Every structure is written in structure tokens, then in C-alpha cells.
Amino acid sequence: MPTIGIDLGTTNSCVATYRNGRVEIIANDRGNRVTPSYVSFNDEERLVGEAAKDEATSNCENTLCEIKRLIGRTYDDPIVQSDMQLWGFDVINDDNKPKIPVVYTNKRMIFCPEQISAIVLEEMKITAEAFLDETVTDAVITVPAYFNDAQRKATRDAGKIAGLNVIGMINEPTAAAVAYGLDRQSKEERNVLIFDLGGGTFDVTIVKITDRQFYVKATGGDTHLGGEDFDNKLVNHFIEELKQQHNKDISKNKKAINRLRLACEDAKRKLSSSTKAKVQVDALHDGIDFRSNITRARFEDINHGYFKRILETVKKTLKDSGLIKEDIDEVVLVGGSTRVPKIREMLEKFFDYMELKKTINPDEAVAHGAAAYAEFISNNNDHNLKDFVLEDVTPLSIGIEILGRDMQVVIPRNTKTPTRRWHDVRTAHPEQTEMGVRIFEGERALTKDNHFLGEFTLSGIPVAPRGQGEADICLDINSSGVLHVFAVEKITGKSSELKIDMGKGRLLPNEIKRMIREAEVFRTNDEELKKRSKAMNLLEDLAYNIKEKIGKSKTSKLKSESMMGQVTEMLRWLDINQKEPVEMSVLDKKKEELEKICDQLSKN
Ligand code: AMP
């Protein structure tokens with residue numbers, strides 16, 4: 001059974017598979033090797049990829065993008081709050097989980113981010129199945145290295161909803177390092193810095209590569225920094241310009257903002273090769289045809305703060321790796337936003353004018369590495385992957401709250417994974433039979449400043465003097481960077497293993513099951529719609545064919561007029577029903593009617 005690697009990007013996604021000793025990037029049905037991570041709903045159908053992106057301006061309320069920015073986050077997260085302002089679709093609060101309402105087939109439906117990401121993942125699965133001509137379920141999905149536990153688990157849940165068996169998750173820059181390393185195998189040991197700046201996330205990873213062995217030394221980044229932030233800065237710049245020049249505030253007009261954003265992204269891309277770009281949007285707001293320009297220098301100035309943050313992250317990651325910049329042998333660029341000239345210039349300068357490696361395709365490298373990793377873990381013993389070793393690290397420290405306030409780190413960040421660490425906890429009072437344990441993720445000294453992962457209560461502790469009631473908490477991180485927690489109660493010497501549910505804010509198993517069922521219904525509906533649309537097209541072809549034959553036939557005038565009348569009526573009916581999905585049984589009857597005319601024609 002084949003395996004696939006999926007790069008589930010904020011802006012674009014890409015799928016690859018490993019076949020005949022090499023990785024193949026799989027093109028979608030439009031022939032493109034990357035697919036926009038867009039999903040759009042309308043009165044008749046659900047669209048994914050390019051078709052969905054095409055709806056971004058005409059149906060912005062129901063066209064969803066950048067959902068990766070929501071995944072694993074809470075509604076009150078300031079990042080969610082600020083992103084929402086610039087999206088054409090709505091985000092609502094459901095028990096502090098962000099959810100997205102849309103209108104689909106004239107019904108209001110509410111989706112959680114995992115379901116939308118699942119639709120994109122499913123599209124990638126279908127793309128792979130069409131290419132490989134067989135069912136594909138086993139997949140490796142990539143995540144930004146800096147994704148926290150909640151974001152990783154939510155991504156894995158999205159995979160399940162999409163009908164995938166997620167055999168592993170790999171950090172995006174690590175996957176790019178694998179692609180880079182496998183491409184130019186060399187016995188020589190090299191320290192490679194992968195600089196991955198995509199649409200929504202930024203990762204820096206330093207990997208020691210020797211032949212087919214990959215040892216991540218440190219990783220750093222920002223799960224909310226990428227090309228879309230540059231676009232948003234431009235949008236805000238032009239909102240201000242409109243205020244000044246036309247005395248109009250378009251900030252509440254979601255449709256206008258959406259259109260302006262597309263124009264800004266376009267201008268940003270142009271600025272990578274020119275020093276000036278136009279931003280033009282017809283009838284943007286209150287009949288104003290917006291016309292403006294932006295220079296590369298102005299763009300760089302507007303985004304200066306982001307560029308500074310990017311370089312600081314590079315420096316911090318270097319420090320964490322225990323290396324100095326002179327130890328770095330190669331800097332590899334990954335992600336669409338590494339095309340921004342200022343970013344390249346800044347990196348070149350920092351690394352003393354070392355030539356940056358642009359040889360791997362920044363849009364495909366992540367999926368490429370993920371496909372090789374999928375092949376490796378599915379044990380298909382390909383000789384090109386023999387001796388393959390991959391050792392990654394944890395991006396964030398994980399710890400336990402002590403004294404109701406302080407963070408006691410159990411697994412420091414940049415610890416090699418998989419890893420398992422034990423931590424001893426003791427009762428604070430005599431007669432204490434229960435102990436509450438709270439787990440956090442992050443680098444701050446106080447737990448209130450870190451990310452809360454979950455809590456549990458150890459109960460049934462035998463009565464013992466203060467400090468003598470004792471339990472061991474185990475924090476276990478697997479090779480996908482996903483955390484499992486359990487506790488062993490030691491007081492009576494009996495070790496009871498408790499599985500801790502860290503699911504707060506996450507989908508519960510029965511919710512995932514329900515969503516899998518819903519996704520199947522969507523899939524069936526989509527297939528049915530495609531079948532009907534194909535049947536309608538065939539019917540139309542047949543009708544035109546018959547029309548042509550009637551014109552050429554030698555049948556009596558009366559008969560041909562009657563037949564032509566029937567065909568014209570059929571074409572009119574097809575025209576009227578073009579938008580409405582017609583039942584297959586009705587289409588079958590219509591086809592029979594046309595076939596009867598065909599029969600009559602052939603008898604004459
Ligand atoms: P990725 O997530 O790697 O697919 O990167 C997507 C991001 O790269 C988007 O924000 C794009 O606008 C950005 N991007 C793609 N091409 C260019 C370019 N030529 N110049 C600047 N940014 C680009």
C-alpha cells in the first residue's frame with residue numbers, strides 16, 4: 001500500500017509519494033503541484049483548492065482560507081481576535097473554541113477548524129489516489145516545528161476526519177532538511193540551517209546532516225509570522241491611505257478588505273522582482289476605483305518590525321543549538337516568503353555573505369521530505385532510505401505547576417524526541433488523599449504566562465504524613481512531537497498507571513467519529529453532484545448531436561419538426577436546470593427520451 005506525505009500549508013498544500021526509489025510530487029486535477037488551502041461553500045456545492053480560491057471575492061463570507069492559523073487555538077487568543085478582523089468569513093465563539101459558520105446548500109452550518117483542514121487534507125488524498133490509481137490512507141502530515149501540543153493534536157484529528165491514518169507527523173523544516181539531505185547525499189558532516197518562511201508560519205531549524213542521518217540540534221520560530229502578515233500590513237497601509245485620500249473607512253467592509261488583500265498579495269509578489277508595484281481594485285467601496293502604488297522600499301519599511309523579529313529568532317535558535325554562525329555550513333531557504341529580497345539580503349549579511357541555498361523548490365521541499373519519511377516509517381525497506389536516521393527535538397519546554405504558580409520544567413525545549421521524563425510529586429498536607437496536577441508548555445517562569453495543556457487529579461492516595469504521599473508523573477513525547485501523560489502512584493508500592501486525558505479544548509473521540517461520518521456524507525454528496533453534473537453534460541452533448549443529425553436527415557418535414565421541437569425543449573430544460581442539481585433518476589428518464597429520438601432517426 002502506498003504512503004503519502006502532505007504539507008498542509010497556511011496558504012498552499014502539497015502532496016508527494018515515494019515510488020521506484022524516489023519522491024514524486026503529485027499534481028492536482030488542474031495540473032498544479034501546489035493546491036491553495038481554500039474551501040468554499042455555495043448553494044450547490046463545496047469547492048476546494050483553486051476552484052475555492054476563485055470564489056474568494058464573489059463569495060467571501062463562505063470562502064475559507066488560512067484556517068491553519070486557527071487550528072489548536074482558543075477563541076480568546078489575541079492572534080485569533082486580530083486575524084478575524086481581516087477575514088471575509090466570520091469566526092464565532094463556541095465555549096472558547098473558534099468555529100466558522102457558512103451557508104451551504106442554503107443551510108447555515110458551523111464547522112470547527114479541524115473539519116476545514118480535513119477537507120483540504122481529503123483533497124490531497126484524492127489527488128494522490130487519482131495519480132496512484134489506488135486507495136491511500138497512510139500519511140505523514142507536516143506541522144510547523146513551533147506548533148504546540150494542542151496544534152499538533154488538532155492537526156492529527158483533522159487527518160482522522162479526512163479518513164487518513166496519520167502514521168506520523170514531521171516538523172516542516174525537518175522535512176525540508178530531509179529533502180535537501182537526500183538530494184545531495186554526502187558522507188561529510190554538515191550543519192545546515194533550514195530557514196522556512198511560509199504564508200503563516202516561520203521556523204528555523206539547525207540540523208546536523210551526515211549522509212542519510214539527520215540530527216536536529218535546535219528549532220525556533222513563530223507559529224504566527226509569515227507572508228500573510230506582510231499582506232496584512234499592506235492592507236492596513238492602504239486602509240489608512242483611503243481614509244486620508246477619500247475620507248472613507250473600509251475596515252468594516254469585509255468584501256472590500258478581501259479584495260484589497262488579494263491585490264496586496266499580488267503587489268507583494270511583484271515587489272520581489274520589481275522595485276515598484278501597482279495596487280488597483282475597481283469599485284472597491286462606495287463606487288471608488290482604488291488606484292495606488294507601493295515601492296519595495298516602502299514595503300520593507302512597513303514590515304521592518306517583522307524582519308527584525310525574524311533575524312532575532314535566527315540568532316536565538318543558533319544560541320540554543322550551542323553553535324555560532326561560523327559553524328553553519330549551509331543555509332537552505334524554504335517557503336514562498338523566502339522570495340522577499342530583503343529577507344535574503346538580511347540573511348546573507350548575517351551569515352557573512354554566505355551563498356544561500358535556493359536549489360530546493362521552496363514550495364515542494366516539505367512535502368518531498370514528508371513522503372520520504374512516510375516511506376521510511378512504513379518499513380518499505382527501500383535501499384535509498386537504508387541507514388536513514390531522524391532525530392528531532394521538542395520546540396517548547398513542558399512542565400508541571402508547583403506552589404500553584406511556578407513552572408517546574410520537566411522536559412526542557414530542544415530535548416531530543418522521542419523522550420520520556422518522570423517527575424516526582426508529593427503530598428503537601430497530612431491526610432491528603434488527592435493531588436491535582438497541572439501541565440503547561442512554554443518558557444516563562446510563571447505558569448500564568450505559559451500555555452495550559454491540561455490537568456488531572458490523582459485520587460485514592462493512602463493517608464500518610466505530609467510529603468510522604470508520592471506519585472510519579474510521566475511526560476512522554478513521541479516521534480511526532482505529541483505528548484502523553486500518565487501517573488504512577490507509588491505510596492503503596494502498587495504502581496497504578498493512569499492515562500490522563502489532556503483533551504481540554506480538543507475534539508473528543510465521539511466528536512471525531514461524528515465528524516468522520518459527516519465528512520463521509522459530504523464526500524458522498526460531492527460524488528453524487530459530480531455524477532449528476534457529468535450526466536447533465538452528456539445529455540447536453542447528446543441533444544446537440546441529435547439536433548445536428550435531424551438537420552442532415554431525410555425524414556419528413558412534419559417528423560423532423562416534431563423531433564426538433566423535443567430536442568429544443570430538452571435543451572431549454574437543461575438550461576433552466578443548469579444551476580439546480582437534478583436527481584439521477586430524472587436525468588435517466590430524459591436520456592431515454594433522447595434515445596427514443598435517436599432510434600426514430602436511425603429507422604428513417
Ligand atoms: P507557502 O506557505 O510556503 O506556500 O508560502 C506562501 C507565501 O509565500 C504566501 O504568503 C505568498 O504570498 C508568499 N510568496 C509566494 N511567492 C512570493 C514572491 N514571489 N514574493 C513574495 N512572497 C511570495
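None of these values were measured; they are calculated from a predicted model. Remember, it's 1-based here, ligands and their atoms both numbered in the order they're listed.
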- Message: Centre-to-centre under 6.0 Å for Tyr18 and Phe376, is that the case here?
- Response: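 No, too far apart.
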- Residue pairs fulfilling side-chain hydrogen bond (donor to acceptor under 3.5 Å, both in side chains) with at least one residue in residues 303-315, sequence neighbours excluded: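 Found Asp222-Arg309.
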- Close-range residues for ligand 1, whose non-hydrogen atoms fall below the 4.0 Å threshold: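 Near ligand 1, by chain and number: Thr11, Asn12, Gly198, Gly199, Gly227, Glu228, Glu265, Lys268, Arg269, Ser272, Gly335, Gly336, Ser337, Arg339, Val340.
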Look at [X] together with [Y] and state whether they make a salt bridge at an N to O cut-off of under 4.0 Å.
X	Y	result
Asp157	Lys153	no
Glu172	Lys68	yes
Arg344	Glu348	no
Asp229	Arg69	yes

